[in-house]
Amino acid sequence: MSPDEQQGLSRRSLLTSAGALGVGVLAAPVGLARARQAGDTGENAEAQQAADAAQPDAVDGYQSLSLDDAAIVEALVGHMWPADDLSPDGVALGIATFIDRQLAGAYGQGDRLYLSGPFRQGKPEHGYQLACTPEQYFKAGLRQVAEVSAQRYAAPPDRLTTDQLEELLHVISQAPPQPAAFALNTWFNELFYPLFVRGAFADPIYGGNRGKQAWRMIGYPGLPATYATDIVTWRGRRHPASDSPMSIQDFS
C-alpha cells in the first residue's frame, strides 16, 4: 500500500469514527500559533491566517503540556490528521491546542471525579476508575509512548519518520496489555483518540477546528443546533449552510 493510500484510508477511518463520537466538547478557551506553521504554503497558509484573524482573543502557548509533552502530541496528531487539499494538518487545525486546554481545565483536573480513595478494582462499565486526574493519566501515557519509541527506534516520537510513526500508533493502540504494565492501548483508545476527534470537530472557541475547516470538510453547518429535520432532507448531500458554518463566536 502506498503512502497516499494509507493517508486516504486513515482519513476515511477517522471520519467514520467521528460520526459515532459526535461533535461534542468538554470545556476550555481558544488557540495557539506554532512556529511550524511558518513552513505552510498556498491555500493552507491563507486559511490559517484567516482563522487566526477571526480569533483575536486566542491564547498563545500551551497551558498544560510541557515542551516534551507537546512535541509528542504534535507528532501524533500531525500524523493522524495529515495535511491535504481539504484541511491543514492536525496541529495547524488546533487539535493539540484543544487537548492542552482540556487537560488544563476542569475536565483535566478531575473536577467531577472521585479521587479520594479507597480504590477498588472496577468493571469497564463503571467508567473512569483511576486514582489520578485525566491530566495526570494523559501525561503518564505520553511518558510510556516516549519509552516505547526510544526502545523501538532509539528516538523520540517527534523525530520518527512517517512509516515509524504509523507503526508506533499501531503498537500503542493495538498491542495487548502486559501484566502489571501500563495499558497503552486503553490509554490511546479511551483517552487520547476521543480527545483527538473532539479537537478536530469541536466549536473553534475550544481551541480546535480552527477556521471551522473540519466542519466545512464534512459539510456540517455549525450552530444553531436546529438541523433535526434537515438530516433527512439533506442526507448524503452537503447542507447549503455548510459553506459558511456558524460557531459560538459568531453569535457572541
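Along the sequence shown, the residues carry numbers beginning at 1.
Inter-residue side-chain proximity for P245 and Y220 is flagged as unmet; no heavy-atom pair is nearer than 4.5 Å. Residues L165 and L76 are in side-chain contact: their nearest non-hydrogen atoms beyond the backbone lie under 4.5 Å apart. Side-chain contact between V73 and D100 is absent, with no heavy-atom pair separated by less than 4.5 Å. By the 4.5 Å heavy-atom criterion applied to side chains, R210 and T97 are counted as neighbours. Proximity of W187 to Q144: side-chain heavy atoms (C-beta onward) are nowhere separated by under 4.5 Å.
Closest non-hydrogen pair, F188 versus L169, comes out as CE1-CD2, 3.8 Å. Scanning both residues, G208 and F98, for their nearest heavy atoms gives N-CB, 3.8 Å. Counting all heavy atoms, side chain and backbone alike, L191 lies closest to P134 at CD2-O, 4.1 Å. Nearest heavy-atom pair, Q109 versus T133, reported as atom, atom and distance to 0.1 Å: O-CG2, 3.5 Å. Here the closest heavy-atom approach between residue L160 and residue S149 is recorded as CD1-OG, 3.6 Å. Across L142 and I72, no two heavy atoms sit closer than the pair O-CD1, 3.6 Å.
Follow the hydrophobic side-chain contacts under 4.5 Å out from F138 and you never reach L67; the two are in separate clusters. Residue W234 is not grouped with residue F201 when hydrophobic side chains (ILVMFWY) are merged at heavy-atom distances under 4.5 angstrom, including chains of intermediate members.
In this structure, R143 CZ and D68 CG are separated by 11.0 Å, a value rounded to the nearest 0.5 Å. In this structure, CD on E167 lies 13.0 Å from OG1 on T162, to the nearest 0.5 angstrom. Here I99 contributes atom CD1 and L65 contributes atom CG; the two are 8.0 Å apart, rounded to the nearest 0.5 Å. Within the model, atoms CG of L195 and CZ of R101 stand 14.0 Å from one another, a figure rounded to the nearest 0.5 Å. Interatomic distance, I248 CD1 to Y206 OH, rounded to the nearest 0.5 Å: 4.0 Å. With rounding to the nearest 0.5 angstrom, the CZ atom of R238 is 10.0 Å from the CE atom of M217.
More than 12 heavy atoms of other shown residues, nucleotides or ligands fall within 6.0 angstrom of atom CZ in R237. At most 12 heavy atoms of other shown residues, nucleotides or ligands fall within 6.0 angstrom of atom CZ in R159.
Checked by atom type and distance alone, the side chain of W81 pairs as donor or acceptor with a backbone atom of P88 at under 3.5 Å. The backbone N or O of S64 lies less than 3.5 Å from a partner atom in the side chain of K139, making a donor-acceptor pair. In this structure a side-chain-to-backbone donor-acceptor pair under 3.5 Å is present from R216 to G211. Between the side chain of D230 and the main chain of T233, no donor-acceptor pair closer than 3.5 Å is present. Remark: the backbone N or O of S173 is paired with a side-chain donor or acceptor of N189 at under 3.5 angstrom. Side-chain atoms of N209 come within 3.5 Å of backbone atoms of Q213 as a donor-acceptor pair (strictly under, hydrogens ignored).
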*Determine, step by step, whether F192 and V145 satisfy the side chain to side chain contact (heavy atoms under 4.5 Å, CB included) criterion, reporting the C-alpha distance in whole Å, the side-chain angles of both residues, the deciding distance to 0.1 Å, and the verdict.*
CA-CA 12 Å; F192 188 94; V145 171; over 6 Å; no
*Could you go step by step and tell me if E74 and Y62 meet the side chain to side chain contact (heavy atoms under 4.5 Å, CB included) rule?*
CA-CA 12 Å; E74 290 189 1; Y62 289 119; 2.6 Å; yes
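For the 3.5 Å distance criterion, the side chains of E190 and Y137 fail to qualify, holding no donor opposite an acceptor. Defined by atom type and a distance below 3.5 Å, a donor-acceptor pair is present between the side-chain atoms of S247 and D250.
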